[in-house]
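Structure record follows, encoded as structure tokens.
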Number of protein chains: 2
Amino acid sequence: MENFIYDKRIYYHPIEFAMVHIGGTWKIPILLALRNGPQRYGELKTTISHITDKMLVTQLRELEKKKMIYRSVYRQKPPKVTYTLTVHGKQAFAAIDALTMFGNYMINITEVIS
Amino acid sequence: MENFIYDKRIYYHPIEFAMVHIGGTWKIPILLALRNGPQRYGELKTTISHITDKMLVTQLRELEKKKMIYRSVYRQKPPKVTYTLTVHGKQAFAAIDALTMFGNYMINITEVIS
DNA sequence: TCCTTTACATACAAAATAGTAGGTAAAGCA
DNA sequence: TGCTTTACCTACTATTTTGTATGTAAAGGA
């Protein structure tokens, strides 16, 4: 299998499919925030600096749809919702870690202002 | 070091920096095409299906600027130019391979039309 | 001199992605 | 009843990325 269709879009390489799962500005930060255990919505918002409500919500919804995370609702006084990694979500970390290593490598060989 | 500046832009995580090197639609296909050895411009154009001249040129220029590939010009009858991976470019393959594996994993657990 | 081949370049348009600003629902409590 | 907290949603705008179409330079050969 080399190319295939999903959700009315054609993919030519597995990497393109990987990217719809962890690509964009915010999906990886969200997955990393959940790496040490579930977090509620408000916690994610403070853990992940600079993220807006809109971005956080849309990316959480996409990750949930793709079965990378799941959403738990606690019916309480002020509502409580937590997000947790699924097994599929955890599978992403091999790639995420490899990307981190490559990024660090490129930082070291590049003139960067810290 | 957690955030830093490069080319007038601020980065908060090494992955963001990795992504400016291998992100976008065409950089990884180009790197993969060069994996088995240097290729000339015209060869890349046929190896990488669907790529346009504009995309191929701009991505080659960016990869060259970032020292991921280098450009060799042969002064000949019709001009000849080849592109070759540098050591830095080769460093990307650990991440690229990890992404490929994750992509394949997600393809398998997803209902995909092949 | 004109033609052909190779490797580009450039203006413009379209599409995808991200950000801004403001609003809402639910439910207990004063 | 009105207030507060948490977890969202929506319309609109801005920015970034990609694609389309067309053009050009160099150099040898007919």
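Just so we're on the same page: letters track the sequence lines, and every chain starts at 1.
Side chain of B/Glu43 to backbone of B/Arg40: a donor-acceptor contact under 3.5 angstrom is found. Side chain of B/Thr86 to backbone of B/Lys67: a donor-acceptor contact under 3.5 angstrom is found.
Atom CD1 of A/Ile51 and atom P of D/dA7 are 14 Å apart (whole Å). The distance from atom CD of B/Glu64 to atom C1' of C/dA7 is 13 Å, rounded to the nearest whole Å. When the C1' atom of D/dT5 is taken as reference, atom CD of A/Glu43 falls 15 Å away, rounded to whole Å. Between B/Ile28 atom CD1 and D/dT18 atom C1' the separation is 16 Å, expressed in whole Å. The CE atom of B/Met19 sits 16 Å away from the C1' atom of D/dT16 (whole-angstrom rounding). Following rounding to the nearest Å, B/Leu56 (CG) and D/dT20 (P) show an atom-to-atom distance of 15 Å. Atom C1' of nucleotide D/dC12 and atom NZ of A/Lys54 are separated by 9 Å, given to the nearest angstrom. Spacing between atom NZ of A/Lys45 and atom P of D/dA7 amounts to 10 Å, rounded to whole angstrom units.
Ion pairing between a basic and an acidic side chain is recognised when a charged N comes within 4.0 Å of a carboxylate O; A/Asp7 and A/Lys66 show no such pairing.
Among D/dC8, C/dA9, D/dA26, the nucleotide with an atom closest to any side-chain atom of B/Val57 is C/dA9. Of the candidates D/dC9, C/dA26, D/dG19, D/dG19 carries the atom nearest the B/Met55 side chain, counting heavy atoms from C-beta on.
B/Gln39 and B/Thr47 form a side-chain donor-acceptor contact under 3.5 Å, judged by distance and modelled atom types alone.
Within 4.0 Å of A/Tyr74, counting heavy atoms only, lies no atom of the nucleic acid at all. Within the 4.0 angstrom heavy-atom criterion, only backbone atoms of the sugar-phosphate kind lie near A/Lys80; the bases stay farther away.
Between A/Gln76 and A/Thr25, the one whose closest nucleotide on DNA chain C sits nearer the 5' end is A/Thr25.
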Do any N or O atoms of the protein come closer than 3.5 Å to N or O atoms of nucleotides 1-3 of chain D, and which pairs are they?
none

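Side-chain nitrogen and oxygen atoms of B/Arg40 include none within less than 4.0 Å of the OP1 or OP2 phosphate oxygen of C/dT6. For C/dC8, the OP1/OP2 oxygens have a side-chain nitrogen or oxygen of B/Arg71 closer than 4.0 Å. Using a 4.0 Å cut-off, no side-chain N or O of B/Thr52 falls inside it from OP1 or OP2 of D/dG19. Here B/Trp26 does not reach the OP1 or OP2 of D/dT17: none of its side-chain N or O atoms lies under 4.0 Å away.
For B/Phe4 and B/Phe17, the gap between ring centers is short of 6.0 Å.
Residues A/Tyr70 and A/Leu85 approach most closely at CE2-O, 4.0 Å, considering heavy atoms.
With B/Trp26 as the fixed residue, the side-chain contact (heavy atoms from CB on, under 4.5 Å) test singles out one of B/Ile48, B/Leu56, B/Leu60, B/Leu63: B/Ile48.
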